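Side-chain atoms are counted along with the backbone in the values below, which use heavy atoms only and exclude waters and symmetry mates. Quick caveat, the model's predicted, so the values are computed rather than measured.
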Amino acid sequence: MQLSLIAIYILIFLFGIVIGSFLNVCIYRLPLKENIATTGSHCMSCGHGLRWYDLVPLFSWLQLRGRCRYCKARISVQYPLIEVMNGIGYVLIFVVNGICVDSILMCLFFSCLVTLSVIDWRTYEIPVGINVTILVLGVLRCALDYHNIVSHLIGFVCVSVFLLLLNLVTGGRAMGGGDVKLMAAAGLFLGWKQITLGFLLGCIVGSVIHLCLMKFAGKGRKLAFGPYLSIGMVIAMLAGDTMINWYLSLF
């Protein structure tokens, strides 16, 4: 039984890195408004079309030693890092949440957060398509978890309305519209308890990391909030109930 469970987790990891390869396509093409479905994969340096054996997730990058087969230009280490991160994330979700349909939705939600985090970090924008995808996942999870539909509906507004007001009051200087939409869609997916915890954790993580970047790396005051919110939401998704119960037990 133990061996079969390990085999299942290996398959989940392999599936995760395959999806991670697609995430890399989205990360590069969405900001450029390129089609992610019909345009063939090609080298970012020489433009040469890539064959199937150049596109095996993780293993092709290792076999090519991080260089293009055709022009020998360096291939960003982002490719294997995103693939491995996605694979590990999928395994962790199934380990924590069990093998069920809900875990599949969580994995897709995790992949959306990984993609938007990298894009937001580079461009300070969250693509509308990713927020729409998260919203669809939220609707599906509401249907699956219909007994807690009220929690999901409250989650849709409890953080996003606060951020929307902040956006309006500051003219968009304190909070971007993409972050507002993200927290609405993610709140529908997570429910009010987890989205609130995720938001608080994201604020804490973002404050600490960005202050360090400002002090030691010369980073400006402007920050991409999406990655920090994503970190907070992943923690809340995987350990939120445990953290909340522990906190309540202190009183």
Side-chain angles (χ1 to χ4, degrees), residues 1-26 36-37 57-58 82-117 126-160 181-199 201-202 226 229-245:
M1 182 64 180
Q2 189 66 27
L3 288 176
S4 63
L5 192 60
I6 292 174
I8 290 173
Y9 287 144
I10 291 174
L11 289 175
I12 291 171
F13 174 78
L14 293 175
F15 181 73
I17 64 174
V18 170
I19 298 298
S21 180
F22 174 69
L23 300 187
N24 277 315
V25 174
C26 295
I36 62 174
L58 182 59
I82 293 295
E83 291 164 358
V84 170
M85 181 190 301
N86 202 61
I88 292 174
Y90 278 24
V91 172
L92 187 58
I93 287 169
F94 274 92
V95 168
V96 171
N97 200 56
I99 298 175
C100 57
V101 176
D102 193 43
S103 293
I104 296 175
L105 294 179
M106 287 184 176
C107 286
L108 296 176
F109 177 61
F110 175 80
S111 291
C112 288
L113 294 180
V114 170
T115 305
L116 74 85
S117 293
I126 297 176
V128 175
I130 297 180
N131 281 334
V132 171
T133 301
I134 293 175
L135 181 63
V136 172
L137 293 175
V139 172
L140 292 175
R141 198 171 191 222
C142 285
L144 188 68
D145 189 32
Y146 61 91
H147 295 295
N148 296 309
I149 186 67
V150 174
S151 173
H152 291 281
L153 293 176
I154 295 174
F156 182 77
V157 298
C158 65
V159 175
S160 60
K181 298 180 182 71
L182 169 62
M183 297 309 283
L188 185 66
F189 184 90
L190 294 173
W192 75 269
K193 291 182 180 179
Q194 291 187 355
I195 195 62
T196 302
L197 176 61
F199 174 66
L201 291 173
L229 291 173
S230 296
I231 292 172
M233 287 188 285
V234 170
I235 295 173
M237 180 176 67
L238 295 177
D241 291 340
T242 301
M243 295 174 69
I244 292 170
N245 292 334

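Atoms CG and CG, from Asn86 and Leu23 in turn, are 5.0 Å apart once rounded to the nearest 0.5 Å. The structure places CG of Leu140 at 11.5 Å from CD1 of Ile104, a figure rounded to the nearest 0.5 Å. Atom-to-atom distance recorded for Met106:CE and Cys100:SG is 7.5 Å, nearest 0.5 angstrom. Interatomic distance, CG of Leu190 versus CZ of Phe156, reported as 13.5 Å (0.5 Å rounding). The SG atom of Cys158 lies 8.0 Å from the CE atom of Met183; values are rounded to the nearest 0.5 Å. Taking CD1 of Ile126 as the reference point, atom CD1 of Ile134 lies at 8.0 Å (rounded to 0.5 Å).
When all heavy atoms of Thr133 and Cys112 are compared, the pair lying nearest together is CG2-SG, 3.7 Å. Nearest heavy-atom pair across Glu83 and Pro57 is OE1-C, 3.5 Å. Counting all heavy atoms, side chain and backbone alike, Ala236 lies closest to Gln194 at CB-O, 3.3 Å. Here the shortest heavy-atom pairing between Val91 and Tyr9 reads CG2-O, 3.6 Å.
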**Message:** Let's go through Asp145 and Asp102 carefully: what are the C-alpha distance in whole Å and the side-chain angles of both, what is the deciding distance for side chain to side chain contact (heavy atoms under 4.5 Å, CB included) to 0.1 Å, and is it a yes or a no?
**Reply:** CA-CA 9 Å; Asp145 189 32; Asp102 193 43; over 6 Å; no
**Item:** Residues Val114, Met85; criterion side chain to side chain contact (heavy atoms under 4.5 Å, CB included); working and verdict
**Value:** CA-CA 9 Å; Val114 170; Met85 181 190 301; 4.1 Å; yes
**Asked** Does the pair Leu108 and Ile19 meet the rule for a side chain to side chain contact (heavy atoms under 4.5 Å, CB included), with working shown?
**Response** CA-CA 9 Å; Leu108 296 176; Ile19 298 298; 5.6 Å; no
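Phe15 and Tyr90 have tilted rings, their planes meeting at an angle from 30° to 60° on a 0 to 90° scale.
Contact of the Leu188 side chain with the Leu135 side chain is registered, since non-hydrogen atoms from C-beta on lie closer than 4.5 Å. Side chains of Ile93 and Ile12 form no contact here, defined as non-hydrogen atoms less than 4.5 Å apart. You'll find the side chain of Met233 reaches within 4.5 Å of the side chain of Leu113, heavy atoms only. Side-chain contact between Phe109 and Arg141 is absent, with no heavy atoms from C-beta onward closer than 4.5 Å. Side chains of Leu58 and Val84 form a contact here, defined as non-hydrogen atoms less than 4.5 Å apart.
In this structure, Phe110 places its CZ atom where more than 12 heavy-atom neighbours from other residues, nucleotides or ligands lie under 6.0 Å away.
In this structure, the side chain of Ser111 engages the main chain of Cys107 through a donor-acceptor pair within 3.5 Å. Under the 3.5 Å distance criterion, the side-chain polar atoms of Asn245 are matched with a main-chain donor or acceptor of Asp241. Proximity of a side-chain donor or acceptor of Ser103 to a complementary backbone N or O of Ile99 within less than 3.5 Å is not detected.
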